[in-house]
Amino acid sequence: MPDTPDSPDTPDPTALRPRRIVVGVAGSIAAYKAPFVIRALRDAGHEVKVVPTEAALRFIGAPALAAVSGAPVSSGVFDDPAAVEHVATGEWAELVVVAPASADLLARVAAGRADDLLTATILTTTAPVLLAPAMHPQMWLNPATQENVATLRRRGLTVLSPDSGRLTGQDSGVGRLPDPDRIVTEALAVLESADAEGLPTGLEGRRVVVSAGGTREPIDPVRFLGNRSSGRQGCAIARAVAARGARVSLVSAHVEPGLLTQLPQAIEVVPVNTALELNDVVRHLCTDADAVFMAAAVADYRPAAVATTKIKKHSLDNGDDGLDDETGIVPAPVISLVENPDILAGLVSDPPRSDGGRTVVVGFAAETGDEDGDVLSHGVAKAWRKGADLLAVNAVGPALGFGDVPNAVVVLDAQGREVARASGSKDEVARALADLVAERLKSA
């Protein structure tokens, strides 16, 4: 299977038309990255107006921002009083992106301040607002900042979680401005979600269960067997089906921090840890579900026994140094494994729905090619074994599939026949899958 399969031939009703986007720039050394965000948005065909704070202009000049945006730059409420610029800009905007958003900017927006053109624009606009924080780790982790972020998210603003890494000077930690490509991807996803709200939903009144993240199988009180799933695709699916009017329960198995806070409040979140817990919860929720998306990465095996105390690297009891008499090497502990239930296959072979209705079952197959076949051939074999109505097959690797990267799936039916392809952001893939399920439910 190619890493980036072609998109389906059918036109996407949520494809983005050119939009009017305000890019705010707050006072942070990361302001030098703002032109990369602005250029990427313009390259995607959108019109951009830049609104920096006075502090931002200490880090990057207005001429540079005007040049890269192709439009004049204003920062003060009184730059053109007759134009009532903050109202005009707020009404003009179809999206507001602030990159970087400093701790001060977050605090002022949370407090409802309007003491410069950027905060006044945010207070005025009815458009979606996305904030990309950048600051020192101690500022980000300060309870005041965390409370401000929680307040903003509760009010419906999208606040990205900052990246971790090298900061100013010798400091490092969480607080780096997210990569400009990520900011643009997330910003366009916000627009796409807003577009989807005005479309025929196809899932109004339907009950949908989604699993996301990766299960963890405990070895002892400290260690576990896990996987690299971030939960991003599952959360994107939950948002997509909720936007189409479904009543959604998200079974969350260790998703990345911050993802759950960005979900609509109407989505029920049920946390789980292990594969056995996930199986029990999903089957319980599916007793009245019209569709289930099994996007979580579920461990195939679990330790046969869980140690009640931490397993020590060396055994020193009774003077034993732990060395093998023949090799002189400390043998590693042996962990016996037992197989977990096949949750996806069980939903097909033993449907839990109790009212006589039918549940559309969607599975996922994260695959890598090997000597026995490529990604797609493994996916076809899995489609036959599992029997799910739809199986989304995707290639995974260090920079593919898992985490904050684009995704690409080939969707197969229960006989392994290709139904559709989708690629792009996690939200784009989620919308394509939601459309497929809506069509199945409509024709059922």
Side-chain angles (χ1 to χ4, degrees), residues 208-238 248-257 259-260 267-289 291-308 310-311 333-353 359-368 378-379 381-394 396 401-403 407 409 433:
V208 178
V209 176
V210 183
S211 69
T215 61
R216 294 179 179 180
E217 309 301 323
I219 297 171
D220 62 21
V222 177
R223 305 176 182 90
F224 59 85
L225 300 177
N227 57 67
R228 295 180 55 230
S229 178
S230 66
R232 286 180 175 273
Q233 188 63 77
C235 288
I237 291 170
V248 184
S249 293
L250 177 71
V251 185
S252 170
H254 304 287
V255 305
E256 279 186 1
L259 290 180
L260 298 180
I267 294 177
E268 176 191 25
V269 178
V270 184
V272 297
N273 291 302
T274 67
L276 292 178
E277 290 178 8
L278 189 141
N279 182 54
D280 290 344
V281 170
V282 166
R283 292 191 64 83
H284 171 72
L285 293 174
C286 282
T287 54
D288 65 346
V292 55
F293 293 81
M294 286 299 300
V298 183
D300 294 321
Y301 297 90
R302 68 184 185 276
V306 179
T308 58
K310 180 182 176 182
I311 300 173
V334 175
I335 300 174
S336 298
L337 302 177
V338 295
E339 191 171 359
N340 277 320
D342 190 325
I343 303 175
L344 180 62
L347 291 171
V348 176
S349 63
D350 183 21
R353 186 156 179 173
T359 302
V360 175
V361 179
V362 183
F364 283 75
E367 295 286 351
T368 61
H378 285 307
K382 184 170 287 188
W384 276 96
R385 292 197 309 273
K386 305 290 187 179
D389 296 278
L390 299 171
L391 185 73
V393 183
N394 65 317
V396 294
F402 287 138
N407 202 5
V409 301
L433 294 173

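Since this is a predicted model, take the numbers as computed values, not measurements.
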At their closest point, which heavy atom of [X] faces which heavy atom of [Y], and how far apart are they?
X    : Y    : result
E217 : P303 : CB-CD, 3.8 Å
G231 : A212 : O-CB, 3.9 Å
L250 : G234 : CD1-O, 4.1 Å
N227 : G214 : OD1-CA, 3.5 Å
C235 : L259 : SG-CB, 4.1 Å
A297 : S229 : CB-CB, 3.7 Å

- Task: Supply the atom-to-atom distance F224 CZ to T215 OG1, rounded to the nearest 0.5 angstrom.
- Result: 10.0 Å
Output a table of donor-acceptor pairs, distance under 3.5 Å, between side-chain atoms of residues 271-278 and any protein atom two or more places apart or on a different chain; print 'none' if there are none.
| unit_1 | atom_1 | unit_2 | atom_2 | d |
| --- | --- | --- | --- | --- |
| N273 | OD1 | H254 | NE2 | 3.1 |
| T274 | OG1 | E277 | N | 3.2 |
| E277 | OE1 | N273 | N | 2.7 |

- Item | Residues that R223 engages under salt bridge (charged side-chain N to carboxylate O under 4.0 Å, His left out), provided they are two or more places apart | D220
- Task: Answer yes or no: is there a donor N or O on one side and an acceptor on the other, between the side chain of D389 and the main chain of V362, under 3.5 Å?
- Result: no
- Under the 3.5 angstrom rule, does the side chain of S252 hit a backbone N or O of V269 as a donor-acceptor pair?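 It does not hold such a pair.
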- Message: Under the rule for side-chain contact (heavy atoms from CB on, under 4.5 Å), what residues qualify as partners of P352, not counting sequence neighbours?
- Response: R283, C286, L347
- State which residues pass side-chain contact (heavy atoms from CB on, under 4.5 Å) with A383; sequence neighbours excluded, sorted by chain then number. L391, L412
- Task: Only counting residues at least two apart or in another chain, list the ones meeting side chain to side chain donor-acceptor pair (under 3.5 Å) with S249.
- Result: R207, E268
Contacts under 3.5 angstrom, residues 334-344 side chains, donor-acceptor by atom type, not counting sequence neighbours:
| unit_1 | atom_1 | unit_2 | atom_2 | d |
| --- | --- | --- | --- | --- |
| N340 | OD1 | R302 | NH1 | 2.9 |
| N340 | ND2 | A299 | O | 2.9 |
| N340 | ND2 | Y301 | O | 3.4 |
| D342 | OD1 | L344 | N | 3.4 |
| D342 | OD1 | A345 | N | 3.0 |
| D342 | OD1 | K386 | NZ | 3.2 |
| D342 | OD2 | K386 | NZ | 2.5 |

- T359 side chain reached by P351 side chain, heavy atoms, under 4.5 Å: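 No, every pair of side-chain atoms sits at 4.5 Å or beyond.
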